[in-house]
K.L.:
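This structure is in structure tokens; I'll ask about it shortly.
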Amino acid sequence: MHLPQQRPHHDIAELFAEAQPDFLRVSAPMVRYSKLEFRRLVRLNGVQLAFTPMMISDSINNSEKARQNEFSTGADDQPLIAQFAAKDASEFVTSAQLIYPYVDGIDLNCGCPQGWAMAKGYGCGLLRQPELVRDVVQQVRRTLPSDFSVSVKMRLLGGEDSLKRTIELGRQLEHAGVTFLTLHGRTPVQKHSKDTLNIPAMAEVRQSLQIPLIVNGNVESWEDACQLHAQTGAAGVMAARGLLANPALFNSAYPLARTTPVACVQQWLDIAEAAGDNLLFQCFHHHLTFMWSGEMRRELRVRFNSLSSKDQVTDFLKEHYNLRPGEAFPAAANYTDCTYTHFTPPKHARHIAAETDELAWSAKSDGKFFTEFRAHQLTGTGGEDLELGGLFGEE
């Protein structure tokens, strides 16, 4: 089956090779937050490979509304990996065929530790069935061109012989044809507790594979990224929460920064101005809260949290920090008109109602992670072990 390309695809394996002896700097898939506009910001600040938010294959495959709401891209949004949560090979292959023209690879989420995901057979739930994960990779490899990237994001397997079984699964996926793997250095039950990251295990997995390995966990600064690379020898380092707090984390011009440089905040304002109505207010406001609320006095934080429009935010930042949208971006940002007429997904009985089904979470609501983050900011309690689950799946 011939699938069209909206643009030439990047060779992701070559991307890793070009980064040596350094490491590839990778932006994680984050529900709500790793949208196109944020990807533009982090690419300006050192990110070399970006992931979309995790998308649910069942929704994307069966709802045009979901496709338009959940995925957007532009000519400058490359290289790009689209991540999906899928229960089986059929779902994942269908998503891959739909998204193929617009991205450089697809990634299977086997790392989400949230109970809802595991109960439905998504995320870490797939790690209970390693033969199924292998089958998913093999089937998508048989369907798509060989130079299109296929990858898996996973965690250390839990239970007895955790490291041994993780290495075995990694080797099986390597033999099945994955381009690279991403490994979060905790088991599913450990979720995101900061002191449980198993760096020696990540290093052993890396030494056991011939394909590139991206490592993920506790990366909150450029120094953290460099140390994790040095400790594991991994080909890439991925950041999630660290990039929310400082989108310039991978920008080597700010090697000691643990808060967002003013220049990066300025870039976000410029990107938002160019995006216009394509960027929802909640997303615009939330990112500024993550980036900049730590620089605000408590009374200003309270006031900032109450703002309800882009104009109000712009006026606030102009008044208190002399920040305003500039001229760095054109009047209107580029957005690709993504259509999906090149492929008609097969329908199944259990999918009949999916076309009209609403998403389980609303992009206009705050979400668990942001709500908890804001509470910590207002109470001054820190939140170092803030639950990250809302970044990787529905609440």
K.L.:
Should C283 and E37 count as side-chain neighbours, where that means a heavy-atom distance under 4.5 Å?
P.N.:
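No, too far: nothing below the 4.5 Å cut-off.
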K.L.:
Suppose we screen for ring pair (Phe, Tyr, Trp, His ring centres under 6.0 Å). Which residues come up paired with H320, at least two apart in sequence or across chains?
P.N.:
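H320 satisfies ring pair (Phe, Tyr, Trp, His ring centres under 6.0 Å) with F316 only.
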K.L.:
Keeping to residues at least two apart or across chains, list the salt bridge (Lys or Arg N to Asp or Glu O under 4.0 Å) pairs with something in residues 167-177.
P.N.:
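Salt bridge (Lys or Arg N to Asp or Glu O under 4.0 Å) check on residues 167-177 returns no pairs.
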K.L.:
Measure centre to centre between the rings of Y321 and W292, then say whether the value is under 6.0 Å.
P.N.:
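Aromatic pair counts; centres sit under 6.0 Å.
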K.L.:
Between R141 and T179, is there a side-chain donor-acceptor contact under 3.5 Å, judged purely by atom types and distance?
P.N.:
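There is such a pair between these side chains.
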K.L.:
Got a sec, which residues hit salt bridge (Lys or Arg N to Asp or Glu O under 4.0 Å) with R7, two or more places apart in sequence or on another chain?
P.N.:
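Counting only residues at least two positions away or on another chain, R7 forms a salt bridge (Lys or Arg N to Asp or Glu O under 4.0 Å) with D104.
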K.L.:
To the nearest 0.5 Å, tell me how far R155 CZ sits from C110 SG.
P.N.:
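Here the interatomic distance stands at 12.0 Å.
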K.L.:
Suppose we screen for salt bridge (Lys or Arg N to Asp or Glu O under 4.0 Å). Which residues come up paired with R258, at least two apart in sequence or across chains?
P.N.:
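Only D224 meet the salt bridge (Lys or Arg N to Asp or Glu O under 4.0 Å) criterion with R258.
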K.L.:
Will you find, in the side chains of Y33 and H286, an N or O donor that is under 3.5 Å from an N or O acceptor?
P.N.:
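There is such a pair (donor and acceptor under 3.5 Å, judged by atom type) between the side chains of Y33 and H286.
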K.L.:
Between the main-chain N or O of A75 and the side-chain N or O of N334, is there a donor-acceptor pair closer than 3.5 Å?
P.N.:
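Pair found, side chain donor or acceptor close to backbone of A75.
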K.L.:
Do the side-chain N and O atoms of N216 and T182 include a donor-acceptor pair separated by under 3.5 angstrom?
P.N.:
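Side-chain D/A pair, N216 to T182: absent.
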K.L.:
Transitively linked via ILVMFWY side-chain contacts under 4.5 Å: L44 with L15?
P.N.:
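They do not share one cluster, since no chain of ILVMFWY contacts under 4.5 Å joins L44 to L15.
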K.L.:
Which distance, rounded to the nearest 0.5 Å, do you find between the CD1 of I106 and the CG of L144?
P.N.:
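Those atoms lie 5.5 Å apart.
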K.L.:
For F250, enumerate each residue passing the ring pair (Phe, Tyr, Trp, His ring centres under 6.0 Å) test, keeping only those at least two apart in sequence or located in another chain.
P.N.:
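For F250 there are no ring pair (Phe, Tyr, Trp, His ring centres under 6.0 Å) partners, ignoring immediate neighbours.
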K.L.:
Residues sharing Y335's hydrophobic cluster, by side-chain heavy-atom contacts under 4.5 Å among ILVMFWY, directly or via others?
P.N.:
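Other cluster members: L36.
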K.L.:
Could you name each residue pair satisfying side-chain hydrogen bond (donor to acceptor under 3.5 Å, both in side chains) that touches residues 41-52, not counting sequence neighbours?
P.N.:
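Listed by first then second residue: R43-D77, N45-N251, N45-Q267.
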K.L.:
Using atom types as modelled and distance alone, determine if a side-chain donor or acceptor of Q312 lies under 3.5 Å from a backbone N or O of S308.
P.N.:
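The answer is yes, because a donor-acceptor pair under 3.5 Å joins these two groups.
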K.L.:
Run the side-chain hydrogen bond (donor to acceptor under 3.5 Å, both in side chains) test against Q266 and tell me which residues pass, sequence neighbours left out.
P.N.:
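Per chain and number, Q266 pairs via side-chain hydrogen bond (donor to acceptor under 3.5 Å, both in side chains) with D270.
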K.L.:
Which residues pass the side chain to side chain contact (heavy atoms under 4.5 Å, CB included) test with S151, not counting sequence neighbours?
P.N.:
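Listed in chain order: I81, D107, F180.
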K.L.:
Give a yes or no answer on whether the side chain of T196 reaches the backbone of R186 with a donor-acceptor pair at less than 3.5 Å.
P.N.:
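The answer is no, because no donor-acceptor pair under 3.5 Å joins these two groups.
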K.L.:
Check ring pair (Phe, Tyr, Trp, His ring centres under 6.0 Å) between F23 and all other residues, then give those that pass, not counting sequence neighbours.
P.N.:
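Ring pair (Phe, Tyr, Trp, His ring centres under 6.0 Å) check on F23 returns W222, H229.
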K.L.:
Taking distance alone, no hydrogens or angles, what donor-acceptor pairs closer than 3.5 Å link side-chain atoms of residues 201-213 to residues at least two apart or in another chain?
P.N.:
unit_1 : atom_1 : unit_2 : atom_2 : d
R206   : NE     : T232   : O      : 3.2
R206   : NE     : G233   : O      : 3.4
S208   : OG     : E204   : O      : 2.8

K.L.:
In plain terms, say whether R297 and E299 are close enough for a salt bridge, that is, a side-chain N and a carboxylate O under 4.0 Å apart.
P.N.:
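Yes.
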K.L.:
Is there a path from V150 to I12 through hydrophobic residues (I, L, V, M, F, W, Y) whose side chains come within less than 4.5 Å of each other?
P.N.:
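No, V150 does not connect to I12 through the hydrophobic network.
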K.L.:
Check the surroundings of atom CG in D161: do more than 12 heavy atoms from other residues, nucleotides or ligands lie under 6.0 Å from it?
P.N.:
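Correct, the count exceeds 12.
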K.L.:
Between the main-chain N or O of G276 and the side-chain N or O of K310, is there a donor-acceptor pair closer than 3.5 Å?
P.N.:
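Confirmed, K310 side chain pairs with G276 backbone.
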K.L.:
What I want to find out is whether R67 reaches E64 closely enough, with some N-O distance under 4.0 Å, to be called a salt bridge.
P.N.:
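Salt bridge present between R67 and E64.
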K.L.:
Under 3.5 Å, side chain of S34 to main-chain N/O of P29, donor-acceptor pair present?
P.N.:
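Such a contact is absent between S34 side chain and P29 backbone.
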K.L.:
Establish, from distance only, whether the side-chain atoms of R241 and N246 form a donor-acceptor pair under 3.5 Å.
P.N.:
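Result is no, nothing qualifies.
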K.L.:
Please list all pairs meeting ring pair (Phe, Tyr, Trp, His ring centres under 6.0 Å) that have one or both residues in residues 77-105, counting only residues at least two apart or in different chains.
P.N.:
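Matches after skipping sequence neighbours: H9-Y100, Y100-F148, Y102-Y340.
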K.L.:
Between the side chain of H342 and the main-chain N/O of Q97, is any donor-acceptor distance below 3.5 Å?
P.N.:
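Indeed, once roles are kept as given, a pair shorter than 3.5 Å links the two residues.
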